[in-house]
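In what follows, a single structure is set out as C-alpha cells and then discussed.
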Amino acid sequence: MSVLTARPTYAALAAFLAGDAVASAIPVPYVAKNMDAMRIPAEVRWAVPVAKAATALGLVSVFRFPGVARLTTGLLTAYFAGALGIHLRVRNRAANIVPAVLLLVVFAAMTAQGPHTAGGGVRALES
C-alpha cells in the first residue's frame, strides 16, 4: 500500500476540497481574484464550490464505496486538467499553475492505483 492508496489520504484530500469549496463559495478575495484572472463567468461560478463539495463527498466515500472514490479521483483528474488548460490559456502566473499541476498528477496517480481496500475484496469499512 502506498500513501496515495491509503484511506487517510483520501480523507485528508476530502477535507482540503471541502475547505476549498467554502473558500470558493464565500468567495475569499484571493479566490475571486483568481477566478477573475481565469475569466470564469460570474453566472457559472456557483458550480465551482458545488463541484468541489461533491468531490469531497466522493473522496470520503472511500470508507464504504472505494469504487466511487476511484471514480471521483478520475473526475478530479479531468477537472484539474481543465483547470490547467484554463491557467495556461490566460497565461496565469506560475504560483497559480503549480497547484493545479500537482493536484492533476496526484489525482491521476490515485486513479491509476485505486484506493487500498481490505484484503480479499472485503469492503474497506470492515477492515
Side-chain angles (χ1 to χ4, degrees):
M1 173 174 66
S2 78
V3 172
L4 291 179
T5 64
R7 290 179 287 173
T9 300
Y10 282 76
L13 288 167
F16 167 75
L17 285 169
D20 197 20
V22 170
S24 297
I26 292 174
V28 172
Y30 172 79
V31 173
K33 184 177 176 184
N34 199 30
M35 286 191 194
D36 289 341
M38 293 182 4
R39 300 184 200 129
I40 298 174
E43 57 271 5
V44 297
R45 288 186 186 189
W46 64 269
V48 174
V50 170
K52 289 177 181 179
T55 58
L57 290 173
L59 289 176
V60 83
S61 75
V62 72
F63 295 100
R64 184 86 174 160
F65 305 106
V68 172
R70 190 172 194 174
L71 173 64
T72 301
T73 60
L75 294 171
L76 281 162
T77 300
Y79 175 88
F80 284 105
L84 176 60
I86 292 170
H87 281 291
L88 294 173
R89 177 180 54 95
V90 300
R91 292 180 171 80
N92 211 334
R93 53 191 198 123
N96 293 335
I97 294 173
V98 170
V101 171
L102 292 175
L103 289 167
L104 170 61
V105 170
V106 165
F107 287 121
M110 289 174 79
T111 302
Q113 293 180 24
H116 176 73
T117 57
V122 178
R123 290 206 323 236
L125 187 63
E126 298 170 359
S127 62

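Sequence positions, counted from 1, serve as the residue numbers for this chain. As the structure is a computational prediction, the values presented were derived from the model and not from experiment.
Closest of all the heavy-atom pairs between Pro99 and Ala95 is CD-O, 3.2 Å. Here the closest heavy-atom approach between residue Pro115 and residue Pro66 is recorded as CG-O, 3.5 Å. The two residues Val48 and Ser24 have their closest heavy-atom pair at CG1-OG, 4.0 Å. Closest non-hydrogen pair, Pro27 versus Ala32, comes out as CG-CB, 3.9 Å. Listed here is the closest heavy atom pair of Met38 and Arg89: O-NH2, 3.6 Å.
By the rule that hydrophobic residues join a cluster once side-chain heavy atoms approach within less than 4.5 Å of another member, Tyr79 and Leu88 end up as members of one cluster. Hydrophobic clustering (side-chain heavy atoms under 4.5 Å, transitive across Ile, Leu, Val, Met, Phe, Trp, Tyr) groups Val90 together with Val31. Side-chain heavy atoms closer than 4.5 Å link hydrophobic residues (I, L, V, M, F, W, Y) into clusters, and following such links, even through other members, never connects Phe16 to Leu75. Phe80 is not connected to Leu71 by any chain of hydrophobic side-chain contacts under 4.5 Å among Ile, Leu, Val, Met, Phe, Trp and Tyr, and they are in different clusters. Each of Val22 and Leu57 belongs to its own hydrophobic cluster when Ile, Leu, Val, Met, Phe, Trp and Tyr are linked at side-chain heavy-atom distances under 4.5 angstrom.
The backbone N or O of Thr73 sits less than 3.5 Å from a side-chain atom of Thr111, completing a donor-acceptor pair. Put simply, the side chain of Arg70 gets close to the backbone of Ala112: a donor and an acceptor are under 3.5 Å apart.
Residue pairs meeting the salt bridge (Lys or Arg N to Asp or Glu O under 4.0 Å) criterion with at least one member in residues 34-47, sequence neighbours excluded, are Asp36-Arg45.
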For this session: Take Val44 and Met35, measure what side-chain contact (heavy atoms from CB on, under 4.5 Å) needs, and give me the verdict at the end.
Result: CA-CA 11 Å; Val44 297; Met35 286 191 194; over 6 Å; no

Problem set entry | Test log, rule side-chain contact (heavy atoms from CB on, under 4.5 Å), inputs Met110 and Leu13 | CA-CA 11 Å; Met110 289 174 79; Leu13 288 167; 3.5 Å; yes

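Cluster partners of Val98 are Leu102, counting Ile, Leu, Val, Met, Phe, Trp and Tyr whose side-chain heavy atoms approach within less than 4.5 Å, directly or via other members.
Residue Leu4 holds its CG atom at 5.5 Å from CD of Gln113, rounded to the nearest 0.5 Å. Separating the CG atom in Asn96 from the CD1 atom in Ile86 is a distance of 13.0 Å, to the nearest 0.5 Å. Atom CG of Leu17 and atom OG1 of Thr55 lie 4.5 Å apart (nearest 0.5 Å).
The residue from Thr77, Leu59, Val62 that alone fulfils the side-chain contact (heavy atoms from CB on, under 4.5 Å) condition with Thr72 is Leu59.
At most 12 non-hydrogen atoms from other residues, nucleotides or ligands lie less than 6.0 angstrom from CZ of Arg91.
Here the side chains of Thr9 and Val106 are not in contact, with every heavy-atom distance at 4.5 Å or above.
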